[in-house]
Protein chains: 2
Amino acid sequence: MSDATSIESSRSTRDQILDEALHCFAEKGYEGTSLNDIAAGVGIRRPSLLHHFPSKEALYGDVFERLLSDWLERLDAAVAMTAVGWDKAELVLRACLDLFAETPDYVRIMRREALDGGVHLGIDLSGVLRPFFDSAVEYLESQMQQGIFQVHDARHLLITGYGALLTYFSDSPFVDGLIDEDAMAAKNIYNHQEHVIGFFRSALLKS
Amino acid sequence: MSDATSIESSRSTRDQILDEALHCFAEKGYEGTSLNDIAAGVGIRRPSLLHHFPSKEALYGDVFERLLSDWLERLDAAVAMTAVGWDKAELVLRACLDLFAETPDYVRIMRREALDGGVHLGIDLSGVLRPFFDSAVEYLESQMQQGIFQVHDARHLLITGYGALLTYFSDSPFVDGLIDEDAMAAKNIYNHQEHVIGFFRSALLKS
DNA sequence: GCATCTGTCTACCTACTAGTAGGTAGTGAG
DNA sequence: CTCACTACCTACTAGTAGGTAGACAGATGC
């Protein structure tokens, strides 16, 4: 009864709510999303939704927690792989780019939360990512000292990279209008990923 | 009566409303900002605000229009200057970075609008910026063909650049937590600007 | 003096929000 | 059959949103 692909609504209502909430919060933001929107997307009424989650804030928190643990899992896996120099950086870049391409809603919520400074969360977003940031700074600086990477300010480099990586996915409606194509089409996502990788290689590797 | 720095409220109520609205919309987004918030910031009641602007949407539109014309003015001025090769690119980069540093609220609203896909505006944001985008693509491709710039996908390069430029300012609350300092302090802004310039030079110029 | 216009106010409206109360099917265990 | 539980419902609460109506004060113009 658990793994069977039953006729419909194979997944639990709770999970359906989480999925719909992820999408609504990503699309319209925390304030712009009402519990009615989410409930309607699932096909239930608001009080039924509140039977599964105690409050809007708690629902948002659960959505964000799942998002964050997915992302950290990918980052952990990429960092754990044995590679050095540019190969290591490329692994981490690709791990992020793959996740973002798979689940652009993650990127959009993350962006909104970064914009708002995390006011909707109990947790401290930058605090959670801080360990990765610090170890990345350490790694980049060691590569620069060894003359493997060109010298840049490692902290600002990471922030620039964070911005460059997220923006294509978070601002895809805007990108659509600039390139006059569907930014999230598989071909364009592939092109963007390869561009970003090549761009950072140009800026980091010598000659 | 116009240029005198009178004792207080030297600027018209209408302009005070526009300023306060800019700040509120940038800080909390369109949905997250109430007309009461804006009115209170100016020191009047909501109906008085609605005497100067017919609706919340119209007020937002006026705020955004002013923002956009300021930005386009800077871009026009930078593009009009006589420079070639990397110098030209640096001029445009610095024009944007200077504006963003002066008025970070602009960046935050722009970001929110790009995220939402322009649903709060009658105007088409990417449509307005499209001419600049297209001419920038043309410029970059000509420089690449002449062997002055390294070869990248010009369109994706611009989107990456747009993301890299905006993010530091739009996500400054998040950046604060990463670098454990005030991202918008003059020293850090200066460092970031020089980093971005250097980073793009590394990626674009050869050897 | 008096009408008019501008800017502000209080008081109100409707629509919608998050959240609660209480009731009702259906299910499974003893 | 009964009890407990889950998942849902309708109907309600209190509060807030954007927006409107109408009164009032001060200035301007004739």
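Computed from a predicted model, the values in this text were never measured in an experiment.
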Enquirer: Taking B:R130 first and then B:D124, would you say they form a salt bridge - that is, a charged N and a carboxylate O separated by under 4.0 Å?
Expert: no
Enquirer: Rounded to whole Å, how long is the line connecting atom CG of A:L49 with atom C1' of C:dA18?
Expert: 11 Å
Enquirer: In whole Å, I'd like the distance from the CZ atom of A:R14 to the P atom of D:dC8.
Expert: 13 Å
Enquirer: Let me know the distance between CZ of A:R45 and P of C:dG23, rounded to the nearest Å.
Expert: 21 Å
Enquirer: Check this for me: does any side-chain nitrogen of one of B:R155 and A:E181 sit under 4.0 Å from a carboxylate oxygen of the other?
Expert: no
Enquirer: If only side-chain N and O atoms of A:T13 are considered, is one of them under 4.0 Å from the OP1 or OP2 phosphate oxygen of D:dC8?
Expert: yes
Enquirer: How long is the line joining NE2 of A:H51 and P of D:dC9, in whole Å?
Expert: 11 Å
Enquirer: Side chain of A:N188, backbone of A:D182: donor and acceptor closer than 3.5 Å?
Expert: yes
Enquirer: For B:L50, answer base if it contacts any base atom (sugar-phosphate contacts may also be present), sugar-phosphate if it contacts only those atoms, and nothing otherwise; contact means non-hydrogen atoms under 4.0 Å.
Expert: base
Enquirer: Of the candidate nucleotides C:dT8, D:dC8, C:dT10, which contains the atom at the shortest distance from the side chain of B:P47?
Expert: C:dT10
Enquirer: Grab the OH-P distance between B:Y30 and D:dA17 for me, whole Å please.
Expert: 13 Å
Enquirer: Round to the nearest Å and state the distance from B:R46 atom CZ to C:dG7 atom P.
Expert: 19 Å
Enquirer: Just how far, in rounded Å, is P of D:dT6 from CD1 of A:I17?
Expert: 15 Å
Enquirer: Is there a donor-acceptor pair under 3.5 Å between the side chain of A:R112 and the backbone N or O of A:E27?
Expert: yes
Enquirer: Is A:S48 touching bases, backbone alone, or none of the nucleic acid, heavy atoms closer than 4.0 Å?
Expert: base
Enquirer: Compare the minimum distances between each of D:dG19, D:dT10, C:dT10 and the side chain of B:L35, then state the nucleotide with the smallest one.
Expert: D:dG19
Enquirer: Would you mind reading off the distance between B:K56 atom NZ and D:dA17 atom C1', rounded to a whole angstrom?
Expert: 8 Å
Enquirer: Go nucleotide by nucleotide along DNA chain C from the 5' end; which of A:P54 and A:N36 gets its closest nucleotide reached first?
Expert: A:N36
Enquirer: Ignoring hydrogens and geometry, is there a side-chain-to-backbone donor-acceptor pair from A:D98 to A:A95 under 3.5 Å?
Expert: no
Enquirer: At less than 4.0 Å, is any side-chain N or O atom of B:T33 found next to OP1 or OP2 of D:dA17? Yes or no.
Expert: no
Enquirer: Please determine, for the side chain of A:I44, which listed nucleotide (D:dA7, D:dC9, C:dG7) has the closest atom?
Expert: D:dC9
